[in-house]
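Nothing fancy with the numbering, it's 1 onward along the sequence. Note that ligands are numbered from 1 as they come in the structure, with each ligand's atoms numbered from 1 the same way.
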Amino acid sequence: MNKEKTIAYYRSLREEDLCSCEDCIRFYRSIRAAYPKLASYLKTLGIDIEKSLDTMPVCPDGKGSFIYAGPQYVILGSPDDFKETAIDGVSLRIEDSHPDPGLDEEYFVIECSEINLPLETERNDTDEE
Ligand SMILES: [Zn+2]
């Protein structure tokens, strides 16, 4: 793993590089506060927890939270020294199936196990169901 290159990659990602759907925006805004230990751990690898390659939104769980099946993160460098682990009840492993981050350098992608984030109280009530 190349931490310096990973940090530079996350710094270079802008808001317009990330998915802008409602479910992903909820993820970017609430993941750090909801999973502080996971955020700290990912930071030790150079990852910004808010800048997920794919948050994998699924659906509300019916209990006030929204389910993300397996948020993915890019790490620059070789996966040789990556160790599978679990933080805050979330396990991390290498995943080969992922969107193309458009990188010319060596990288790999890790995937979290399921993440649940609280549904925000809607500010602009557009109940059109
Ligand atoms: Zn999205």
Side-chain angles (χ1 to χ4, degrees):
M1 292 185 277
N2 188 320
K3 185 176 176 179
E4 297 312 311
K5 281 189 176 179
T6 304
I7 290 170
Y9 166 76
Y10 282 93
R11 284 211 180 116
S12 75
L13 281 179
R14 290 157 305 170
E15 202 177 313
E16 54 264 39
D17 298 322
L18 303 169
C19 177
S20 59
C21 80
E22 185 189 340
D23 296 329
C24 286
I25 286 172
R26 179 190 311 110
F27 182 94
Y28 309 145
R29 285 182 183 159
S30 53
I31 183 69
R32 195 184 301 279
Y35 290 87
K37 287 179 195 152
L38 181 64
S40 302
Y41 179 73
L42 291 178
K43 195 179 174 192
T44 68
L45 307 180
I47 295 171
D48 180 342
I49 196 169
E50 294 176 1
K51 295 178 175 175
S52 173
L53 178 64
D54 187 343
T55 72
M56 295 213 193
V58 185
C59 61
D61 68 353
K63 291 176 274 183
S65 290
F66 196 94
I67 300 168
Y68 297 84
Q72 297 183 332
Y73 292 95
V74 170
I75 297 179
L76 276 288
S78 136
D80 293 348
D81 50 346
F82 174 78
K83 288 189 185 67
E84 292 194 359
T85 186
I87 313 282
D88 249 356
V90 177
S91 60
L92 301 172
R93 60 178 178 78
I94 294 170
E95 174 58 54
D96 293 327
S97 169
H98 55 77
D100 181 1
L103 289 165
D104 295 329
E105 307 182 68
E106 184 178 22
Y107 72 92
F108 63 103
V109 170
I110 60 166
E111 183 171 307
C112 303
S113 57
E114 185 180 296
I115 289 214
N116 296 293
L117 293 175
L119 285 161
E120 292 167 307
T121 33
E122 296 297 327
R123 274 159 296 185
N124 48 343
D125 272 314
T126 46
D127 279 322
E128 284 165 8
E129 283 154 295

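- Proximity of a side-chain donor or acceptor of Tyr107 to a complementary backbone N or O of Thr6 within less than 3.5 Å is not detected.
- The distance from the CZ atom of Phe27 to the CG atom of Leu18 is 10.5 Å, given to the nearest 0.5 Å.
- Listing protein N, O or S atoms at distances below 2.8 Å from the Zn ion (ligand 1), with waters left out, gives Cys19 SG, Cys21 SG, Cys24 SG.
- Panel note: side chain Thr55, backbone Pro71; no donor-acceptor pair is recorded below 3.5 Å.
- No side-chain heavy atom of Tyr73 sits less than 4.5 Å from a side-chain heavy atom of Leu92.
- Between the CD1 atom of Ile115 and the CE atom of Met56 there is a distance of 11.5 Å, given to the nearest 0.5 Å.
- Remark: the backbone N or O of Met1 is not paired with any side-chain donor or acceptor of Ser78 at under 3.5 angstrom.
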